[in-house]
Amino acid sequence: MTSERLSVIAAAIQPLGFACTPGARQFEHPESDYYVEFPSGPLAFGQTVVRDEDACTVETPFGPLRVVTPTQCVMDRLAAYVHWRDNPSFDQAIMVARRQPIDWNALDAWARGDEVDPDIVGRLKRLAEAG
């Protein structure tokens, strides 16, 4: 998450081989299946804002890097599913939950706070465990 201008971000990571996706704050690299995104702040999933002290930070030789946990990633995907009725976002939540440890209690608490139907979280958990 950053408030830096896209042109400044691009100038910093284009020498590493990343190219900006037109119309987005994300960058792709030809040797990677993943992209890097630089969303503007604050970090939030649905209506829930993540305080700086609650964010996961990885120390690198270049400084701290804030990353989302698998549980936060699932929150983000469920928020997209609920808000936009975006079925691929629900599928992505299932994929993450099948491959990474999820704090189901935290996910349930988040869903209640964001008024997400608890049946959606229950369905996600059943599908993740069945996979």
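A heavy-atom distance below 4.5 Å is found between the side chains of V116 and W110. Two residues are said to be in side-chain contact when any heavy atoms from C-beta on lie closer than 4.5 Å; D52 and R66 meet this criterion. Counting heavy atoms from C-beta on, the side chains of V68 and L43 come closer than 4.5 Å. Taking 4.5 Å as the limit, some side-chain heavy atom of W104 sits within range of a side-chain heavy atom of K125. Side-chain contact check for Q72 versus V50: some heavy-atom pair is nearer than 4.5 Å.
Once rounded to the nearest 0.5 Å, the distance linking CD1 of I9 with CD of Q14 reads 11.0 Å. C20 contributes atom SG, which lies 8.0 Å from atom CD1 of I13 (distance to the nearest 0.5 angstrom). Interatomic distance, CG of D86 versus CD of Q92, reported as 7.0 Å (0.5 Å rounding). With rounding to the nearest 0.5 angstrom, the CZ atom of R77 is 10.0 Å from the CZ atom of F45.
In this structure, H29 contributes its side chain and V36 its backbone to no donor-acceptor pair below 3.5 Å.
Heavy-atom neighbours of E115 CD from other residues, nucleotides or ligands within 6.0 Å: at or below the threshold of 12. The local environment of CD in Q47 is sparse, with at most 12 non-hydrogen atoms from other residues, nucleotides or ligands closer than 6.0 Å. Surrounding CD of E53 are more than 12 heavy atoms belonging to other residues, nucleotides or ligands, all under 6.0 Å away.
Minimum heavy-atom separation, P15 to A10: CD-O, 4.3 Å. The shortest non-hydrogen separation linking P70 to P101 is CB-O, 3.6 Å. The minimum heavy-atom distance linking S40 with R25 is given by the pair N-NE, 4.0 Å. Shown here for L127 and R98, the closest heavy-atom pair between the two residues is O-NH2, 2.9 Å. What you find for V49 and A44 is that their closest heavy atoms are CA-CB, 4.0 Å. Contact detail for A128 and A97: the closest heavy-atom pair is CB-CB, 3.6 Å.
Ring orientation note: the planes of Y81 and F90 are tilted relative to one another, at an angle of 30° to 60°.
Grouping the Ile, Leu, Val, Met, Phe, Trp and Tyr side chains by contacts below 4.5 angstrom, directly or via other members, places F38 with L16. Residues V67 and M75 fall into different hydrophobic clusters, defined by Ile, Leu, Val, Met, Phe, Trp and Tyr side chains chained together at heavy-atom separations under 4.5 Å.
Applying the salt bridge (Lys or Arg N to Asp or Glu O under 4.0 Å) criterion to D54, with sequence neighbours excluded, gives R51.
Checking D103 against T71 by side-chain atom types alone, no donor-acceptor pair falls below 3.5 Å.
The one candidate from L107, I94, V121 that meets the side chain to side chain contact (heavy atoms under 4.5 Å, CB included) condition with V74 is L107.
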